[in-house]
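All residue numbers refer to positions in the sequence shown, counting from 1. Bear in mind the structure is a predicted one, so any value in this text is a computation, not a measurement.
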Amino acid sequence: MLVAAVNVLVVNTGSSSLKLTLLGPDDEVLDSTHVERWDGAGHVAEFVDRLPGVDVVGHRVVHGGPDYCGPVRIDGRVRDRLAALTELAPLHQPRAVAGIDAVLAALPDVPAVACFDTAFHAGLPDAAATYALPAQWRRRWGLRRYGFHGLSHSYAAKRAAGLVGHPLDRLRVVTCHLGAGASLCAVLGGRSVDTTMGFTPLEGLVMVTRSGTVDPGLLVWLLQRGELGVDELADGLEHRSG
């Protein structure tokens, strides 16, 4: 079956940045822009206006929740489901939704697909995905390790296999995503088998503004004895730590 040549606009919204890249039919970069500090407005329409043509849009979205374990075409229902996951990824999910809205306004007739950082980790073994919490809690709220940076970890594993000249399905590798957000992933035969981030991107390594893993008893102490409010605690862990 022949596949038509297409130009793909890749939209990568990070916790603070915006990267827009137009890829041609052979994955060549036709145009790109990088906004280091993006506040969720502007830049998209200006970039799209100078492009020779866009056939499809691919959005990097951090959290797919329990519903999305692979790429999905974006419609109004999908967009709203992604926005509802904001509390699980408060630094990233609003930016991803803002990117979706901005591109939709600029390219209303172009199909768009969401690709999830959590998807690569959807098949984590139970030993890695399961928190040692009361089973009733896990069932009621779908508590599990989701893992993040999956698109990056998947690419890094494939690239590492190519550089060392070994088939990916025979390789054991630890991949590292190091930026404002940071995580490690154990990859066995091309599959994620463990990772440092968990239910939210707050778990794991120390990051630029996020605490990473801390003793949960310390957090309970801050709420009970330190008299911090829940919102103050959440803000401190997400925005004023690291």
Side-chain angles (χ1 to χ4, degrees), residues 12-18 35-41 59-68 78-101 114 116-119 121-122 124 128-153 177-185 194-242:
N12 183 349
T13 52
S15 58
S16 61
S17 64
L18 171 68
V35 182
E36 190 64 36
R37 297 293 177 184
W38 187 57
D39 62 3
H59 289 270
R60 176 214 173 194
V61 180
V62 165
H63 214 310
D67 295 333
Y68 304 120
V78 170
R79 185 263 181 212
D80 290 344
R81 286 289 301 128
L82 299 182
L85 294 170
T86 290
E87 63 182 12
L88 300 184
L91 293 183
H92 298 83
Q93 207 75 357
R95 299 300 182 96
V97 174
I100 290 170
D101 291 343
F116 301 99
D117 269 338
T118 49
H121 308 293
L124 278 174
T130 304
Y131 285 111
L133 295 169
Q136 183 181 8
W137 295 3
R138 298 199 306 268
R139 289 192 298 267
R140 181 177 179 183
W141 292 298
L143 306 179
R144 56 156 288 167
R145 171 168 281 106
Y146 284 104
F148 299 91
H149 297 142
L151 298 171
S152 175
H153 287 300
H177 179 101
L178 304 176
S183 66
L184 306 181
C185 180
D194 208 348
T195 187
T196 56
M197 283 183 167
F199 183 65
T200 76
L202 189 58
E203 188 178 12
L205 306 179
V206 174
M207 294 166 252
V208 171
T209 66
R210 281 169 275 175
S211 65
T213 298
V214 296
D215 178 358
L218 184 153
L219 304 181
V220 173
W221 187 93
L222 286 172
L223 291 170
Q224 293 180 335
R225 300 290 299 277
E227 299 183 353
L228 289 183
V230 173
D231 291 342
E232 186 179 3
L233 180 63
D235 178 69
L237 295 172
E238 289 279 1
H239 301 285
R240 296 187 288 109
S241 299

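Annotation: the span from S211 atom OG to L218 atom CG amounts to 9.5 Å, rounded to 0.5 Å. For the atom pair D194 CG and L184 CG, the distance stands at 10.0 Å (nearest 0.5 Å). Taken to the nearest 0.5 Å, the CH2 atom of W141 stands 7.5 Å off from the CD atom of Q136. Expressed to the nearest 0.5 Å, how far CG of N12 lies from CG of L151 amounts to 8.5 Å. Rounded to the nearest 0.5 Å, atoms CD (E87) and OG1 (T200) are 10.5 Å apart. The structure places CG of D67 at 7.5 Å from CG of L85, a figure rounded to the nearest 0.5 Å.
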Could you walk me through whether R210 and L237 pass the side-chain contact (heavy atoms from CB on, under 4.5 Å) test, one step at a time? CA-CA 5 Å; R210 281 169 275 175; L237 295 172; over 6 Å; no
Let me see the working for S152 and H177 under side-chain hydrogen bond (donor to acceptor under 3.5 Å, both in side chains), right down to the final yes or no. CA-CA 7 Å; S152 175; H177 179 101; 2.9 Å; yes
Go through the steps for H149 and T195 under the test side-chain hydrogen bond (donor to acceptor under 3.5 Å, both in side chains), then give the verdict. CA-CA 10 Å; H149 297 142; T195 187; over 6 Å; no
Step by step, work out the side-chain contact (heavy atoms from CB on, under 4.5 Å) result for D101 and R79. CA-CA 9 Å; D101 291 343; R79 185 263 181 212; 2.7 Å; yes
Would you check, one step at a time, whether the test side-chain contact (heavy atoms from CB on, under 4.5 Å) holds for M207 with E238? CA-CA 9 Å; M207 294 166 252; E238 289 279 1; over 6 Å; no
Working for side-chain contact (heavy atoms from CB on, under 4.5 Å), residues L91 and H239: CA-CA 9 Å; L91 293 183; H239 301 285; 2.8 Å; yes
For Y146 and H63, run ring-ring contact (aromatic ring centres under 6.0 Å, His included): C-alpha distance rounded to whole Å, both residues' side-chain angles, the deciding distance at 0.1 Å, then the answer. CA-CA 8 Å; Y146 284 104; H63 214 310; 4.7 Å; yes
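Side-chain contact between M197 and C185 is absent, with no heavy-atom pair separated by less than 4.5 Å. Between L133 and L143, the closest side-chain pair of non-hydrogen atoms falls below 4.5 Å. At least one side-chain heavy atom of Q93 sits under 4.5 Å from a side-chain heavy atom of V61.
Listed here is the closest heavy atom pair of R145 and L124: O-CD1, 3.8 Å. The two atoms that bring G236 and S241 nearest to each other are O-OG, 2.5 Å, heavy atoms only. The heavy-atom pair separating A122 from R144 by the smallest distance is O-NH1, 3.6 Å. Of all heavy-atom pairs between H121 and F148, the closest is NE2-O, 2.9 Å. Nearest heavy atoms, T86 versus A83: OG1-O, 2.8 Å. Nearest heavy atom pair, residue T13 against residue R60, reads O-NH1, 3.5 Å.
A donor-acceptor contact shorter than 3.5 Å links the side chain of T213 to the backbone of G204. Side-chain N or O atoms of R138 include one that pairs as donor or acceptor with a backbone N or O of Y131 at under 3.5 Å.
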